[in-house]
Novice: 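This is the structure I have questions about; it appears just below.
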Amino acid sequence: MELTGSQIVIECLKEQGVDTVFGYPGGTILNIYDELYRHPEIHHILTSHEQGAAHAADGYARATGKTGVCMATSGPGATNLVTGIATAYMDSTPMVAITCNVGKALLGKDSFQEIDIAGVAMPITKYSVIVKDITVLADTLRRAFSIAKSGRPGPVLVDITKDVTAATYEYEPKTPEAIAPSIEKITEEGLDHVVSLIRESKKPYIFVGGGSIISGAAEEVAHHIQAPVCDTLMGKGAFPGTDKLYTGMLGMHGTKTSNYGVTKCDLLIVLGARFSDRVTGNAAKFANNAKIVQIDVDAAEINKNVVVESSII
């Protein structure tokens, strides 16, 4: 069936199971808002400022496990999303930001409220793109949701020129492919090495980060080795705060018990944490008495801030 670009945007949101969108309208995105008005099954929450929409979409994603969606118009509307997008990027929150830009013929001419938001957002997104051709609109939006949720989650920005939202093109519905965890980098040798380090350890400590929650692996943080457990702010809730083995947060805003314990342990098992400077302080002196095992979804985090003995991706 032939639909306008705005209708394709809404149909793609419905494909992805989106039921809530946060945003603030403006000139270039009005076509999408007009179409959104015709679809009450997608609940739109009007914020008082675009930055609120980005933060709300981030919070929605954290609370529900779904991909958060926010929308804004061109220029200042789009740039107001940046702080919320950066927050989602730093905290690995799946989010899709949809913005609209001036018409293709006006791009690059310093037109009214024209900003290269795809370029602005590039360092703080997993993927950032401007759509200037309606023939690729649906597939670009589908790819955006897949990228936001796969691997280490994060925000994606899709900017759409206003003429694309008004143009028409043939639309064919597609069922989103399931995003399965990637395990090809996990090796028996790596697992065996970690197991040997645990068996050799006399004073192991477990350090839990937000990755253990995002991955749905929090229930696996169990008592198998009877080690004390500390966490990051992002890791709160992965391990019960009432458990006798829980010692509190680690680092600058953490407890004396956790900081002292990690200093004295001989093995630190790190589950989905990235060794923030708020946690490590002087990284050269962090857990100096311990061998460190890091389990993380992102290979770029291994040995980035703290050198580890062993790792599992």
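Nothing fancy with the numbering, it's 1 onward along the sequence. These numbers come from a predicted model, not from an experiment.
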Novice: Can you find a side-chain donor-acceptor pair between S182 and E184 that sits under 3.5 Å?
Specialist: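 Yes, side-chain donor-acceptor contact under 3.5 Å.
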
Novice: Determine whether more than 12 heavy atoms belonging to other residues, nucleotides or ligands lie under 6.0 Å from atom CD of E219.
Specialist: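 Open: at most 12 neighbouring heavy atoms sit under 6.0 Å from CD of E219.
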
Novice: Run the numbers on T93 and D58 for side chain to side chain donor-acceptor pair (under 3.5 Å), then give the verdict.
Specialist: CA-CA 6 Å; T93 305; D58 176 25; 3.0 Å; yes

Novice: Would you say the side chains of T165 and N31 form a donor-acceptor pair under 3.5 Å?
Specialist: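 Checked: T165/N31 side chains pair up, N/O donor to acceptor below 3.5 Å.
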
Novice: Any donor and acceptor pair, going by atom type alone, linking the side chain of T140 with main-chain N or O of V136 inside 3.5 Å?
Specialist: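 A pair under 3.5 Å: yes.
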
Novice: How about OH on Y24, more than 12 heavy atoms from neighbouring residues, nucleotides or ligands closer than 6.0 Å, or not?
Specialist: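 Open: at most 12 neighbouring heavy atoms sit under 6.0 Å from OH of Y24.
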
Novice: Tell me whether the centres of the aromatic rings in F22 and H55 are closer together than 6.0 Å.
Specialist: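 Not under 6.0 Å, so no.
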
Novice: Name all pairs fulfilling the side-chain hydrogen bond (donor to acceptor under 3.5 Å, both in side chains) condition that reach into residues 117-132, sequence neighbours left out, sorted by first residue then second.
Specialist: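 Found Y127-R143.
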
Novice: State, without any angle test, whether D266 and S201 hold a side-chain donor-acceptor pair at a distance under 3.5 Å.
Specialist: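 There is such a pair between these side chains.
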
Novice: Between K104 and D133, does a salt bridge (charged side-chain N to carboxylate O under 4.0 Å, His left out) hold up when you go through it step by step?
Specialist: CA-CA 9 Å; K104 182 179 177 180; D133 181 356; over 6 Å; no

Novice: Got a salt bridge between D91 and R62, using NZ or NE/NH1/NH2 to carboxylate O under 4.0 Å?
Specialist: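 Answer for the salt bridge query: yes.
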
Novice: Would the distance check show the side chain of Q7 and the main-chain N or O of T4 forming a donor-acceptor pair, the cut-off being under 3.5 Å?
Specialist: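 Yes; at least one donor-acceptor contact below 3.5 Å.
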
Novice: Any ion pair linking E15 and R142 (charged N to carboxylate O, less than 4.0 Å)?
Specialist: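 Yes, this pair counts.
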
Novice: With no hydrogens and no angle check, do the side chains of E189 and H193 hold a donor and an acceptor under 3.5 Å apart?
Specialist: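 No.
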
Novice: Answer yes or no: does atom NZ of K236 have more than 12 heavy-atom neighbours from other residues, nucleotides or ligands under 6.0 Å?
Specialist: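 It does: K236 NZ has more than 12 such atoms within range.
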
Novice: Can you sort out the partners of N305 under side chain to side chain contact (heavy atoms under 4.5 Å, CB included), two or more places apart, ordered by chain and number?
Specialist: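 For N305, the residues satisfying side chain to side chain contact (heavy atoms under 4.5 Å, CB included) (neighbours in sequence not counted) are F275.
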
Novice: Considering non-hydrogen atoms only, spot the tightest contact between A72 and E50 and give its length.
Specialist: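 Taking every non-hydrogen atom into account, CB-CG, 3.8 Å.
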
Novice: Quick one: do H44 and Y33 satisfy side chain to side chain donor-acceptor pair (under 3.5 Å)? Show the steps, please.
Specialist: CA-CA 10 Å; H44 176 265; Y33 266 91; 2.8 Å; yes

Novice: Looking at N288, I want to see if its CG is surrounded by more than 12 non-hydrogen atoms of other residues, nucleotides or ligands under 6.0 Å.
Specialist: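 Above 12, so yes.
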
Novice: Going through the distances and angles, do T99 and L157 end up as a side-chain contact (heavy atoms from CB on, under 4.5 Å)?
Specialist: CA-CA 8 Å; T99 60; L157 182 134; 4.1 Å; yes

